[in-house]
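Please read the structure below before turning to the comments.
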Amino acid sequence: MEKGLVVIQRDVEPGECIKVKGKIQSDAKGFAVNVGKDSNTLMLHFNPRFDCHGDVNTIVCNSKEDGVWGEEDRKADFPFQHGDKIEICISFDEAEATVKLPEAEFKFPNRLGMEKIEYLAVEGDFKVKAIKFS
Ligand SMILES: C=CCO[C@@H]1O[C@H](CO)[C@@H](O[C@@H]2O[C@H](CO)[C@H](O)[C@H](OCc3cn(-c4n[nH]c(N)n4)nn3)[C@H]2O)[C@H](O)[C@H]1NC(C)=O
């Protein structure tokens with residue numbers, strides 16, 4: 001994955017929504033939206049892969065604790081296309097994180113029992129247009 005790192009340090013409480021709006025590059029190999037405490041402690045690594053790390057058109061979700069990746073969770077749906085302008089809404093509660101798209105929704109367990117999100121990073125072949133907290 002290439003450029004496009006955006007890091008926000010802000011406390012997000014359960015039930016709040018982090019909206020990430022942007023455009024998937026026309027030649028994207030993959031991108032990632034990471035939320036958690038910091039880059040080594042992630043509640044959710046949401047990683048749509050067009051063609052990278054051996055995956056094609058697959059969303060890989062994972063957590064990271066003290067710099068160590070957890071067990072990957074591969075999703076069945078892949079509602080993305082090259083060049084798409086999208087808005088991803090991420091929220092969470094004590095049990096799970098939810099990633100909402102206009103026509104799809106993905107859940108991932110809050111494995112680390114995080115009570116707030118302090119860190120957001122968007123990496124890879126995705127051009128961020130706006131980030132909103134609501
Ligand atoms: C088959 C044996 C080895 O398994 C593979 O092991 C790879 C290395 O751990 C796995 O890829 C990592 O999977 C992690 C999630 O579990 C992350 O997606 C990790 O990439 C982290 C990353 C890099 N970037 C990034 N690089 N450059 C930019 N701008 N962003 N953003 N996120 C990937 O390098 C990859 O998903 C995994 N594949 C399978 C099928 O398990």
Side-chain angles (χ1 to χ4, degrees):
M1 282 188 269
E2 296 308 319
K3 55 199 178 298
L5 180 60
V6 175
V7 178
I8 303 287
Q9 301 268 355
R10 180 192 190 279
D11 286 3
V12 180
E13 305 296 330
E16 279 192 276
C17 175
I18 304 170
K19 288 182 182 169
V20 179
K21 197 172 180 179
K23 184 177 180 182
I24 301 171
Q25 288 178 200
S26 56
D27 61 348
K29 294 289 185 194
F31 66 95
V33 181
N34 299 320
V35 295
K37 184 179 187 307
D38 55 40
S39 60
N40 284 316
T41 307
L42 298 176
M43 176 191 298
L44 174 62
H45 167 74
F46 180 78
N47 178 208
R49 299 178 179 181
F50 288 87
D51 183 3
C52 64
H53 303 300
D55 286 291
V56 174
N57 291 350
T58 303
I59 296 172
V60 174
C61 293
N62 207 345
S63 54
K64 185 185 265 190
E65 189 166 18
D66 298 331
V68 179
W69 289 112
E71 184 180 342
E72 293 185 340
D73 171 17
R74 279 171 169 71
K75 301 301 186 184
D77 293 341
F78 190 79
F80 302 109
Q81 290 189 357
H82 284 129
D84 276 359
K85 293 180 180 175
I86 61 171
E87 182 172 284
I88 297 173
C89 175
I90 298 176
S91 59
F92 77 100
D93 60 24
E94 70 281 348
E96 62 191 5
T98 301
V99 180
K100 279 190 182 153
L101 293 151
E103 289 161 18
E105 186 174 286
F106 302 98
K107 302 278 189 183
F108 185 79
N110 184 353
R111 292 170 175 169
L112 281 58
M114 284 191 182
E115 297 177 349
K116 62 180 175 180
I117 288 172
E118 307 172 66
Y119 171 85
L120 164 71
V122 182
E123 301 177 336
D125 307 328
F126 183 85
K127 188 165 178 59
V128 176
K129 295 291 184 193
I131 292 177
K132 295 179 192 168
F133 301 88
S134 60

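Every number for a ligand or one of its atoms is a count from 1 in the order of the listing.
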Could you tell me, atom by atom, which parts of ligand 1 come under 4.0 Å of a heavy atom of E72?
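Taking each heavy atom of E72 in turn, ligand 1 has 10 (C), 13 (O), 14 (C), 15 (C), 16 (O), 35 (C), 36 (O), 37 (C), 38 (N), 39 (C), 41 (O) under 4.0 Å.
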Kindly state whether the ring of F92 and the ring of F108 have centres lying under 6.0 angstrom apart.
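Not under 6.0 Å, so no.
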N or O contact, N47 vs ligand 1, cut-off under 3.5 Å:
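There is such a contact, yes.
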Any ion pair linking D51 and R49 (charged N to carboxylate O, less than 4.0 Å)?
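No salt bridge links R49 with D51.
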Which segment of R49 sits under 4.0 Å of ligand 1 when only heavy atoms are counted
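R49 to ligand 1: side-chain contact only, backbone stays beyond 4.0 Å.
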Which is it for E71 and ligand 1 at heavy atoms under 4.0 Å: side chain, backbone, both or neither?
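Neither part.
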Considering all heavy atoms of both residues, which atom of D125 and which atom of K29 are nearest to each other, and what is their separation?
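So the minimum-distance heavy-atom pair works out to OD2-N, 2.7 Å.
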Can you check which of R74, K29, H45 brings a heavy atom nearest to atom 18 (O) of ligand 1?
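Checking each option, the heavy atom nearest atom 18 (O) of ligand 1 is found in H45.
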Other residues, nucleotides, ligands: >12 heavy atoms within 6.0 Å of K21 NZ
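Atom NZ in K21 is not packed in, count stays at 12 or less.
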For ligand 1, is there an atom lying under 4.0 Å from some heavy atom of G124?
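Yes, that is the case, since the closest heavy atom of the residue is under 4.0 Å from the ligand.
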Anything under 30° is parallel, anything over 60° is perpendicular, the rest tilted; go ahead and classify F78 against F50.
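If you compare the ring of F78 with that of F50, the planes turn out perpendicular.
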